[in-house]
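What follows is one structure encoded as structure tokens, with my remarks underneath.
Only heavy atoms go into these numbers, but all of them, side chains included; no hydrogens, no water, no symmetry mates.
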Amino acid sequence: MPPLEQRRFSVSARSYDEAQRLADAPHGVRFDVSEVAELQYVAGRPAVPGPVGGFAAREQHRAAALMNAIASGDAVSPAELEAALPRANVTALRMGPIRLVSDCELTAEQSEIFAPDEPSPYPPETHGYPRTRIGMSLADDPATLWSASRGIWRMSPDTEYLVPTRFGFAPYVFKTTKWHERSETVWAAEGFLIDHRRGLLMRLVDGTAETDWRPTLVDGPEATADDLLVARLVTGKVIGFGRRGPNPIIRLRSRTRRIHVK
């Protein structure tokens, strides 16, 4: 059985033309055509049998909803977000497909994820902090996505709000309060999920061998007004970043300067 999310896929010429039409801003917000084509593939692929089926179904359902949002113009641009966000350093990540990582050297085949809900069969990668996978699935829960997105990046350690995205979709917003730096790379040492419905910050506690290196969520302090505003503006939104470049790190808002032009 192939892994849930393949990095190689094929679409018909007609499907690619439709992806190109949607990517070219029919509603004023631009997307990357290859990402839209891959999103079409995920939304329309056959059902996955066996224990992985539930995860795949959630991913497929979310992909179909994203396609509908893009087609109907229910998306925002970075410039629109920047105009609405409070003065803070808000950073989005354009995440890639999920794959396993380890301190052991894994082959390309070993790194493919067949059952995302199951623990990795390999020891974690421990450069910076322990993690067993990178990348993002549309079906990820907050703890899984935090582990994959908190590092390791080449960027300024001044980010206050971290927004992982896949195909432009931003399911959660994390507040980052402490960063570690090593050899020109950084990773978030402390973070919280902003639960804007309850007005709370949910502390993300590092995973251990007992939790299969999966972080756990515990109630933390009350969220500030800025925390709630950022989360309400971004959580669940589809962001049109335009054509994908080599840098996956996109600053949505800066404390000190204007970044995006409408």
Could I get the full list of salt bridge (charged side-chain N to carboxylate O under 4.0 Å, His left out) partners for D212, not counting sequence neighbours?
->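 Checked D212 against salt bridge (charged side-chain N to carboxylate O under 4.0 Å, His left out); zero matches.
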Identify, with sequence neighbours excluded, every residue that meets salt bridge (charged side-chain N to carboxylate O under 4.0 Å, His left out) alongside R253.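 Testing R253 for salt bridge (charged side-chain N to carboxylate O under 4.0 Å, His left out), a comparison that skips the adjacent residues, returns none.
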- Task: Give a yes or no on this: more than 12 heavy atoms of other residues, nucleotides or ligands lie within 6.0 Å of atom NE2 of H27.
- Result: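 Yes, enclosed.
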| query | Who are the ring pair (Phe, Tyr, Trp, His ring centres under 6.0 Å) partners of H180, not counting sequence neighbours? | reply |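 Ring pair (Phe, Tyr, Trp, His ring centres under 6.0 Å) list for H180, sorted by chain: W187.
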Practice item. List for me each residue that meets ring pair (Phe, Tyr, Trp, His ring centres under 6.0 Å) alongside Y161, sequence neighbours excluded, and say none if there are none. Key: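 Ring pair (Phe, Tyr, Trp, His ring centres under 6.0 Å) list for Y161, sorted by chain: empty.
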With sequence neighbours left out, the residues meeting side-chain contact (heavy atoms from CB on, under 4.5 Å) with R255 are R87, N89, E160
Partners meeting side-chain contact (heavy atoms from CB on, under 4.5 Å) with N247 (sequence neighbours left out):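 Testing N247 for side-chain contact (heavy atoms from CB on, under 4.5 Å), a comparison that skips the adjacent residues, returns I249.
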Below 3.5 Å, can you tabulate the donor-acceptor pairs from side chains in residues 233-243 to any protein atom, sequence neighbours excluded?
from : atom 1 : to   : atom 2 : distance (Å)
T235 : OG1    : A231 : O      : 2.8
K237 : NZ     : R232 : O      : 3.4

By the rule that ILVMFWY residues connect when side-chain heavy atoms come within less than 4.5 angstrom, directly or transitively, which residues belong alongside V101?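 Members alongside V101: I134.
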Among all residues two or more places apart in sequence or in another chain, which pass the side chain to side chain donor-acceptor pair (under 3.5 Å) test with [X]?
X    : result
E184 : R154
T216 : none
S254 : T256
T211 : none

#### Entry: Side-chain H-bond candidate by donor/acceptor type, T159 with T91, under 3.5 Å
yes
